[in-house]
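Single-structure report; data block below.
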Amino acid sequence: MNTLLRRTVYLVAGLALASTPVRSAPHAPAAVLTSCKGVVTVIQAGTAGAASFGLPLGDGDEVKTGAGGEAEIMFAAGNWVQIGPNSSMKIKGRPGDATEKPADEAKAGGKSGNFEVVQTFLKLKSSDGTSSITGLRSGEKPSRLEPVSPGQGRVRANRPVFRWKSEDPSLELRLTIYADRAEIWHTDVTGVTTLAYPADAPPLAPGRTYAWTLETTDPLVSPPLRTPATFFEVLAPADAKMLDTDLSALDANRPGPVTYHLTRASLFFDRGLVDDAIAETESAVSADPENDSLHTILSRLYAEAGRSRDALAELEKAKP
């Protein structure tokens, strides 16, 4: 795990989960609520309250759905269960177990990723971590040239695709890649906002930190534009193999769209693949656009990738 991601994981690991209408389960819950639509109630310690996305569940907790309600639960054993309308499910004592009442409409799935990884990722929804993003609102002027990806994390391929935003796509730009503060490759581009690292360029090695910048080359552009250095690292082959194994296990017993994309995002984030985590979280948001916690998570990921304007825009979509 690279230094940038390790710092982020340590940060979010120390944050408490966002407050919920009912009590939270202990630090090592048996399950977690990964999707919640319509009328869904959770009974904990004899007290009923509205369910919420990311709520940890423990021994004896019961999840009930009303007419039109749906919920999805991921268990510590790595399996997941979908609960249909007018159903209920009680969590057993052993982590990963559950019992169903006879009238339940539930669909169970097999192993779907790492439960602890998903738990850590869900902590990104904590409102405590958004203060640094909201602080950007005052005094920040939009840049005419912004890097998008790779953004302050790892990439899966050693021939990454570079993407950026430009208010004027006709700008003449130079894209430069550095390693150990020395330039290893550059190219000039015009009229595009994306570029695949070509096969004839120097190969990028796993475990080595690289940086890339964009700058204008036209002397008539004054003042000249230059992006800050954006760092990335190529994922090691062993990590890539383990990731593929986890993704294949998830696809073999695919859960609902929110849990599916949330789990994929968690697996990517755990390995420092911030851009891939962003793409999966964007898909989760599309599947559940009214989920404020997902908007907050996506905002935090944008900020981690250095995409300040996108982070602020996404945070505005979450209700106060």
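Contact record, Asp180 with Arg208: OD2-NH2, 3.0 Å, taken as the closest heavy-atom pair. In terms of heavy atoms, Leu298 sits closest to Thr281 at CB-CG2, 3.9 Å. Across all non-hydrogen atoms, the minimal contact from Asp59 to Lys92 is OD1-C, 3.4 Å. Across all non-hydrogen atoms, the minimal contact from Thr176 to His186 is OG1-CB, 3.7 Å. The two atoms that bring Ala51 and Val42 nearest to each other are CB-CG2, 3.5 Å, heavy atoms only. Here the closest heavy-atom approach between residue Ala287 and residue Pro257 is recorded as CB-CB, 3.9 Å.
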Might you work through the side-chain contact (heavy atoms from CB on, under 4.5 Å) test for Thr216 and Asp218, ending with a clear yes or no? CA-CA 6 Å; Thr216 53; Asp218 187 345; 5.5 Å; no
Salt bridge (charged side-chain N to carboxylate O under 4.0 Å, His left out) between Arg309 and Glu146, worked out: CA-CA 10 Å; Arg309 280 202 292 177; Glu146 294 183 45; 2.4 Å; yes
Report the C-alpha distance between Thr193 and Lys165 in whole Å, list the side-chain angles of each, state the deciding distance to 0.1 Å, and finish with yes or no for side-chain contact (heavy atoms from CB on, under 4.5 Å). CA-CA 6 Å; Thr193 56; Lys165 292 182 180 180; over 6 Å; no
Stepwise side-chain contact (heavy atoms from CB on, under 4.5 Å) check, Phe269 with Val118: CA-CA 10 Å; Phe269 184 75; Val118 174; over 6 Å; no
Is there a ring pair (Phe, Tyr, Trp, His ring centres under 6.0 Å) between Trp80 and Phe75? Walk through the geometry before answering. CA-CA 6 Å; Trp80 53 269; Phe75 294 95; over 10 Å; no
CA sep, side-chain torsions, deciding dist, call: Val81, Met89, side-chain contact (heavy atoms from CB on, under 4.5 Å): CA-CA 9 Å; Val81 172; Met89 175 165 287; 3.4 Å; yes
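There is no path of hydrophobic side-chain contacts, each under 4.5 Å, that joins Leu301 to Val148. Linking ILVMFWY side-chain heavy atoms closer than 4.5 Å, directly or via other members, places Trp212 and Ile184 in a single hydrophobic cluster. Linking Ile, Leu, Val, Met, Phe, Trp and Tyr whenever their side-chain heavy atoms come within less than 4.5 Å leaves Ile43 and Val63 in two separate clusters. Following chains of ILVMFWY side-chain contacts shorter than 4.5 Å, one can reach Val192 starting from Leu145, so the two form part of one hydrophobic cluster. Clustering ILVMFWY residues whenever any of their side-chain heavy atoms sit less than 4.5 angstrom apart, transitively, puts Leu250 in a cluster other than the one holding Met242.
The side-chain heavy atoms of Val155 and Glu233, taken from C-beta on, include no pair separated by under 4.5 Å. In this structure, Tyr197 and Leu175 have side chains that are not in contact, with every pair of non-hydrogen atoms separated by 4.5 Å or more. A 4.5 Å side-chain heavy-atom check between Phe232 and Pro160 finds at least one atom pair inside the cut-off. Looking only at side-chain heavy atoms (C-beta outward), Phe115 and Val32 come within less than 4.5 Å of each other. Side-chain contact between Glu72 and Ile83 is absent, with no heavy atoms from C-beta onward closer than 4.5 Å. The closest side-chain heavy-atom distance from Leu315 to Arg300 is not below 4.5 Å. Between His261 and Val285, the closest side-chain pair of non-hydrogen atoms is not below 4.5 Å. With contacts defined as side-chain heavy-atom distances shorter than 4.5 Å, the pair Leu33/Phe53 does not qualify.
Put simply, the residue from Leu247, Leu243, Asp246 that forms a side chain to side chain contact (heavy atoms under 4.5 Å, CB included) with Arg264 is Leu247.
In this structure, the ring of Trp185 has its center no less than 6.0 angstrom from the ring center of Tyr178.
Between Arg307 and Asp275 there is no salt bridge, since no side-chain nitrogen of the basic residue lies less than 4.0 Å from a carboxylate oxygen of the acidic one.
In this structure, CD in Gln119 is found 9.5 Å from CG in Asn114, a value given to the nearest 0.5 Å. Atom CG of Asn79 and atom CE of Met74 lie 9.0 Å apart (nearest 0.5 Å). The distance from the CD atom of Gln44 to the CG atom of Asp61 is 4.0 Å, given to the nearest 0.5 Å. Between atom CZ of residue Arg154 and atom OG1 of residue Thr209 there is a gap of 9.5 Å, rounded to the nearest 0.5 Å. Annotation: the span from Leu273 atom CG to Asp239 atom CG amounts to 9.0 Å, rounded to 0.5 Å. Note that CG of Leu173 is 6.0 Å distant from OG of Ser166, once rounded to the nearest 0.5 Å.
In terms of modelled atom types and a separation under 3.5 Å, the side chain of Glu172 and the main chain of Thr217 share no donor-acceptor contact. Listed for the Ser87 side chain is a donor-acceptor partner under 3.5 Å among the backbone atoms of Pro85. No side-chain donor-acceptor contact under 3.5 Å links Asp276 to the backbone of Ala265. Side chain of Thr65 to backbone of Gly84: a donor-acceptor contact under 3.5 angstrom is found. A donor-acceptor pair is defined here as one N or O able to donate and one able to accept, closer than 3.5 Å; such a pair exists between the side chain of Tyr210 and the backbone of Ala205.
For the pair Arg254 and Tyr260, the distance from NZ or CZ to the six-membered ring centre is under 6.0 Å and the angle to the ring normal is within 45 degrees.
Looking at residues two or more places apart in sequence or on another chain, you find no side chain to side chain donor-acceptor pair (under 3.5 Å) involving Glu215. Here Thr34 pairs with Thr259 under the side chain to side chain donor-acceptor pair (under 3.5 Å) rule; sequence neighbours left out. Glu70 meets the salt bridge (Lys or Arg N to Asp or Glu O under 4.0 Å) test with no other residue; sequence neighbours excluded.
Judged purely by distance below 3.5 Å, without hydrogens or angles, the side chains of Asp168 and Ser170 pair a donor atom with an acceptor atom.
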